[in-house]
Protein chains: 2
Amino acid sequence: MHGELPPGQALTLRGIGREFDVSMTPAREAVRRLVAEGALQLSSSGRVSTPDLGPDRIEELASIRALLEVELASRALPRAHFALIERLQTINTTIVQMVAARDPVGYIRTNLEFHRTLYLRAQAPAMLALAETVWLQLGPTMRDLYGKLNRTEPPQFHRVILAALKAGDEPGLRLAVRSDVTQGLRLLSS
Amino acid sequence: MHGELPPGQALTLRGIGREFDVSMTPAREAVRRLVAEGALQLSSSGRVSTPDLGPDRIEELASIRALLEVELASRALPRAHFALIERLQTINTTIVQMVAARDPVGYIRTNLEFHRTLYLRAQAPAMLALAETVWLQLGPTMRDLYGKLNRTEPPQFHRVILAALKAGDEPGLRLAVRSDVTQGLRLLSS
DNA sequence: GTTTTTATTTTGTGATCACGTTTCTGCATG
DNA sequence: CATGCAGAAACGTGATCACAAAATAAAAAC
């Protein structure tokens with residue numbers, strides 16, 4: 001989810017077991033779960049690897065993110081008090097630091113923390129779980145994305161999201177979240 | 001997914017293994033996958049059972065169904081030729097038979113087949129997979145639902161969906177799908 | 001030097017087992 | 001009749017093993 005692995009990275013049960021000092025059995029269960037959630041791909045021979053998504057799949061997952069996360073943000077809006085907005089601003093400054101430090105994993109993790117912190121207020125655990133499933137599928141792809149465009153620009157739409165939250169502007173919030181979620185991924189699919 | 005198990009039904013790895021003539025290992029992997037997809041619940045002691053959803057969770061899952069399936073139907077609309085609509089009508093008559101036969105499992109399975117047949121035309125596999133994940137979570141609850149109201153009414157909104165498909169009426173289709181998806185589940189959560 | 005074939009290593013799968021924990025059953029007690 | 005308690009049965013977990021399939025490395029042929 002955090003982009004620690006590149007797309008198409010192959011994994012083995014014995015390797016995972018060795019890495020975490022367990023036998024094959026727990027490694028197998030973890031891998032099976034991640035496969036069920038789309039975080040890992042299972043080849044026909046039972047081999048497992050990180051997904052290497054094509055442009056159309058990336059675009060579809062971006063659409064799903066927009067669909068779910070716009071709804072989550074919209075539901076969180078009425079419950080978003082100042083303490084939450086302040087916390088989001090703190091997270092946002094951390095994102096800026098991660099961009100400056102050229103740390104893609106830290107960037108992705110903090111960026112997702114920003115979104116999750118907001119969506120937790122929506123009181124919709126099942127919807128949030130579905131959104132996180134999509135994040136899981138996009139992890140390696142996002143790593144590639146922020147590796148290719150190594151710019152120093154902080155996420156521009158996060159400020160718009162914060163402004164819409166403060167103003168209680170629901171249409172503005174929906175548009176800002178949709179833009180933020182779609183923005184980067186459009187670059188990869190074109 | 002098809003409502004073969006009631007909510008809260010307990011399952012054991014050894015029991016599943018005995019039922020399908022395998023050892024505990026494959027049973028464990030299957031259960032872990034189903035838990036990851038939300039089809040089964042894992043208690044704190046590792047015991048597994050069918051989920052017994054509360055009213056708010058049911059309502060949330062209904063909202064997710066509406067969100068995803070309205071989008072899927074909308075994407076399928078431009079590609080819905082007459083052969084597809086005819087197939088949907090055939091499936092719909094089967095649903096009527098299932099209602100008449102008082103067969104809840106057959107009803108649920110055929111009803112979901114109706115929806116899946118339409119959504120397959122949307123060319124959005126990830127979105128469809130997410131929708132099926134929600135169906136999986138709602139299976140036992142739907143069984144309860146169609147067990148409590150043992151009426152003889154066929155799904156009224158399916159005809160509206162078919163009419164909107166024929167007319168190429170996108171707003172009408174979106175409303176019809178939303179109504180069909182929300183309809184039954186609202187009864188259970190109130 | 002490139003391609004094909006063979007041998008070796010590595011991999012996933014399903015089964016089985018021992019262990020600690022939890023749950024259930026039946027009986028005694030209040 | 002309800003309640004608490006001890007014994008027994010059943011459960012999930014992690015580990016290990018044998019086996020077949022697959023991928024890799026090495027060797028042979030052209």
Side-chain angles (χ1 to χ4, degrees), chain A residues 1-54 57 125-126 129 132-141 143-144, chain B residues 1-54 57 125-126 129 132-141 143-144:
Chain A
M1 179 188 285
H2 297 155
E4 299 177 16
L5 301 178
Q9 174 74 256
L11 297 174
T12 65
L13 298 183
R14 288 177 173 87
I16 295 171
R18 211 174 305 127
E19 185 174 348
F20 295 97
D21 261 312
V22 292
S23 78
M24 288 174 57
T25 313
R28 252 205 297 192
E29 294 191 9
V31 161
R32 291 300 237 219
R33 171 176 173 184
L34 289 169
V35 167
E37 292 177 303
L40 293 176
Q41 252 176 342
L42 199 62
S43 90
S44 59
S45 66
R47 247 118 180 145
V48 81
S49 64
T50 308
D52 192 0
L53 307 176
R57 177 59 65 101
E132 292 192 318
T133 286
V134 180
W135 297 350
L136 219 38
Q137 299 182 38
L138 283 172
T141 298
R143 175 197 181 88
D144 255 28
Chain B
M1 181 188 285
H2 296 155
E4 300 177 15
L5 302 178
Q9 174 74 257
L11 298 174
T12 66
L13 298 183
R14 288 177 172 88
I16 295 171
R18 210 175 306 127
E19 185 174 349
F20 294 97
D21 260 313
V22 292
S23 78
M24 287 174 57
T25 311
R28 250 204 300 191
E29 294 192 6
V31 161
R32 291 299 238 216
R33 171 175 173 185
L34 290 168
V35 167
E37 292 177 304
L40 293 176
Q41 252 176 343
L42 199 63
S43 90
S44 59
S45 67
R47 244 114 181 153
V48 81
S49 64
T50 309
D52 193 0
L53 307 175
R57 177 60 64 101
E132 291 192 317
T133 285
V134 179
W135 296 350
L136 218 39
Q137 299 182 37
L138 282 171
T141 297
R143 176 197 180 90
D144 255 27

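Just so you know, these numbers use all the heavy atoms, side chains as well, and skip hydrogens, waters and symmetry mates. To find a chain, count down the sequence lines: A is the first, B the second, and so on, and within it residues start at 1.
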Distances for protein N/O vs nucleotides 11-16 of chain C N/O pairs under 3.5 angstrom?
residue, atom, partner, partner atom, Å
C/dT11, O4', A/Arg47, NH2, 3.3
C/dG12, OP1, A/Leu13, N, 3.3
C/dG12, OP2, A/Leu13, N, 3.0
C/dG12, N7, A/Arg14, NH1, 3.0
C/dG12, O6, A/Arg14, NH2, 3.4
C/dT13, OP1, A/Arg32, NH1, 3.4
C/dG14, N7, A/Arg28, NH1, 3.3
C/dG14, N7, A/Arg28, NH2, 3.1
C/dA15, OP2, B/Ser23, N, 2.6
C/dA15, OP2, B/Ser23, OG, 2.8
C/dA15, N7, B/Thr25, OG1, 2.7

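- When every heavy atom of B/Thr141 is checked against every heavy atom of B/Pro7, the shortest pair comes out as N-CG, 4.2 Å.
- Residues passing the side-chain contact (heavy atoms from CB on, under 4.5 Å) test with A/Leu11, sequence neighbours excluded: A/Leu5, A/Gln9, A/Ile16, A/Leu40, A/Val48.
- Panel note: side chain B/Arg143, backbone B/His2; no donor-acceptor pair is recorded below 3.5 Å.
- Contacts classified as side chain to side chain donor-acceptor pair (under 3.5 Å) and involving residues 18-28 of chain A (residues at least two apart or in different chains) are given here: A/Arg28-B/Glu29.
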Start with the C-alpha gap between A/Glu132 and A/Leu136, add the side-chain angles, then the distance that decides, and say whether side chain to side chain contact (heavy atoms under 4.5 Å, CB included) holds. CA-CA 6 Å; A/Glu132 292 192 318; A/Leu136 219 38; over 6 Å; no
